[in-house]
Amino acid sequence: MPVTVKTFASFGEAASALSSDRGARYLGGGTLVMRALNEGDISISTVVRATDQALTRIDVASSRVTIGAGVTFARILAERELAFLHAPARSIGGPAVRNMGTVGGNLFASSPYGDFTVALLALDATVSVQGGLGARDMPIEEFLQSRERQSGALVLAVSCQRPASADAFRYRKIARIKPKGGSVITLAAHLPSSGGRISGARIALGSMAATQIRARAAERALEGRSLDDAAINAAAAVAAEGVSPTDNALGSAWYRREIVGVHLRRLLSGLE
């Protein structure tokens with residue numbers, strides 16, 4: 001079946017094309033869509049592109065960062081103001097993938113990929129999308145829960161609060177092939193504090209469910225406490241609550257459940 005490629009000057013036109021054609025997919029960096037096409041995905045009949053520079057814009061305010069969906073991971077690594085996102089960006093594939101892969105595309109990457117999205121979930125990001133009902137902002141959790149229904153919408157940007165300090169945000173990817181392998185488990189934690197006690201903890205996990213998820217029991221174990229050994233052990237003990245990993249070539253579901261607490265303990269303790 002032939003595939004039609006349509007290129008638009010504005011993201012609005014591209015969004016309209018996506019929402020009006022069930023067989024249309026948006027091509028950002030191509031690391032997901034081109035792979036699907038090369039593997040013979042016959043559900044894709046139209047490839048939609050946009051040259052709108054708004055999709056590659058980065059806006060850094062004093063406390064909030066907005067990143068266009070078309071921004072690549074290589075670009076993030078080149079931005080000093082985005083240093084808190086360098087670790088997750090660096091964990092995405094090799095140089096060729098980082099040069100092409102985009103922030104917006106990573107939101108649609110299924111397990112064992114989508115590592116950057118784990119970081120965005122921990123940072124309570126907002127996803128800006130435009131579809132048939134117009135533009136709107138969605139909490140990233142809502143977006144992920146409805147991800148399969150977002151194929152007709154165009155992601156415009158993501159935004160999140162900049163962590164107040166370097167140690168308030170932590171990220172760790174466990175992979176069998178470093179640095180570019182698929183994830184066995186990916187973990188990210190945002191640990192804001194007030195008066196020496198954690199307030200508003202968010203811990204996100206990748207490869208532990210159908211989409212990236214929060215470790216809510218671990219968050220509750222940390223809330224209102226100092227980040228000491230007792231709090232860390234309490235969070236690690238409940239890290240596997242609510243997860244539903246699957247078996248794949250990188251690890252079994254049983255193995256992932258067994259080690260998630262170990263790696264959460266290391267993440268919270270600041271160990272490499």
Side-chain angles (χ1 to χ4, degrees), residues 31-32 67 72-73 76-77 82-94 97-98 101-125 127 140-141 143-145 147 158 160 163 167-191 201-219 222 232 235-236 238-272:
T31 57
L32 297 179
I67 304 172
T72 65
F73 300 113
I76 288 174
L77 288 169
L82 299 181
F84 67 99
L85 291 173
H86 284 184
R90 193 176 294 112
S91 76
I92 305 296
V97 172
R98 292 194 291 271
T102 63
V103 172
N106 197 259
L107 291 168
F108 293 91
S110 57
S111 176
Y113 306 107
D115 304 305
F116 196 82
T117 301
V118 178
L120 293 176
L121 179 57
L123 290 165
D124 196 17
V127 182
I140 190 168
E141 278 186 275
F143 177 88
L144 292 172
Q145 289 165 5
R147 185 167 65 182
V158 296
C160 65
D167 65 349
F169 176 70
R170 307 174 185 203
Y171 174 86
R172 182 179 180 88
K173 175 179 175 178
I174 314 305
R176 296 193 182 279
I177 302 174
K178 298 181 180 180
K180 62 182 182 178
S183 166
V184 177
I185 299 176
T186 304
L187 309 93
H190 186 207
L191 307 170
R202 286 181 67 97
I203 299 172
L205 305 174
S207 295
M208 295 300 288
T211 66
Q212 299 83 353
I213 59 170
R214 286 172 61 186
R216 294 183 181 276
E219 293 172 355
L222 294 176
I232 291 172
V238 296
E241 287 190 17
V243 304
S244 54
T246 57
D247 299 334
N248 62 26
L250 298 173
S252 67
W254 172 86
Y255 179 70
R256 287 181 163 95
R257 288 192 183 94
E258 287 294 303
I259 67 170
V260 64
V262 174
H263 289 293
L264 180 59
R265 182 182 291 108
R266 293 180 67 87
L267 178 75
L268 298 177
S269 300
L271 301 175
E272 293 297 327

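By convention here, the first residue in the shown sequence is residue 1.
- Between the CD1 atom in I67 and the OG1 atom in T102 there is a gap of 11.5 Å [rounded to 0.5 Å].
- Going from atom CD1 of I213 over to atom OG of S244 covers 6.0 Å, rounded to the nearest 0.5 Å.
- In terms of heavy-atom proximity, E219 sits nearest to I203 at OE2-N, 2.8 Å.
- Residues V243 and V260 fail the side-chain proximity criterion, which asks for heavy atoms closer than 4.5 Å.
- For F108 and F143, the ring centers are positioned less than 6.0 Å apart.
- Looking at D247 and W254, their side chains never come closer than 4.5 Å, going by heavy atoms from C-beta outward.
- Taking OH of Y171 as the reference point, atom CG of L267 lies at 10.5 Å (rounded to 0.5 Å).
- Here the OG-CZ distance, from S183 to R176, works out to 11.0 Å after rounding to the nearest 0.5 Å.
- Of all non-hydrogen atoms in A175 and G182, the two that sit nearest each other are CB-O, 3.5 Å.
- Residues I140 and L123 form no side-chain contact, since every pair of their non-hydrogen atoms from C-beta on lies 4.5 Å or further apart.
- Among all heavy-atom pairs drawn from F169 and A122, the shortest one is CE1-CB, 4.2 Å.
- Checked by atom type and distance alone, the side chain of Q212 pairs as donor or acceptor with a backbone atom of G114 at under 3.5 Å.
- Here the side chains of I185 and M208 are in contact, with some heavy-atom distance below 4.5 Å.
- Proximity of a side-chain donor or acceptor of R256 to a complementary backbone N or O of G251 within less than 3.5 Å is detected.
- A distance-only check finds no donor-acceptor pair linking the side chain of R98 to the backbone of T72 [under 3.5 Å].
- Between the R257 side chain and the A240 main chain, no donor and acceptor come within less than 3.5 Å of each other.
- Here F116 pairs with F73 under the ring-ring contact (aromatic ring centres under 6.0 Å, His included) rule; sequence neighbours left out.
- Here T31 contributes atom OG1 and N106 contributes atom CG; the two are 8.0 Å apart, rounded to the nearest 0.5 Å.
- Scanning all heavy atoms of the two residues, the minimum distance from A188 to A119 falls at CB-CA, 3.9 Å.
- Within the structure, the salt bridge (Lys or Arg N to Asp or Glu O under 4.0 Å) test picks out the following pairs touching residues 107-125 (sequence neighbours left out): D115-K173, D124-R202.
- The two residues L144 and L107 come nearest to each other via the heavy atoms CD2-O, 4.0 Å.
- The closest side-chain heavy-atom distance from L268 to L191 is below 4.5 Å.
- Between A215 and L205, the closest heavy-atom pair is CB-CD1, 4.0 Å.
- One finds the CG atom of N248 at 12.0 Å from the OH atom of Y255 (value rounded to the nearest 0.5 Å).
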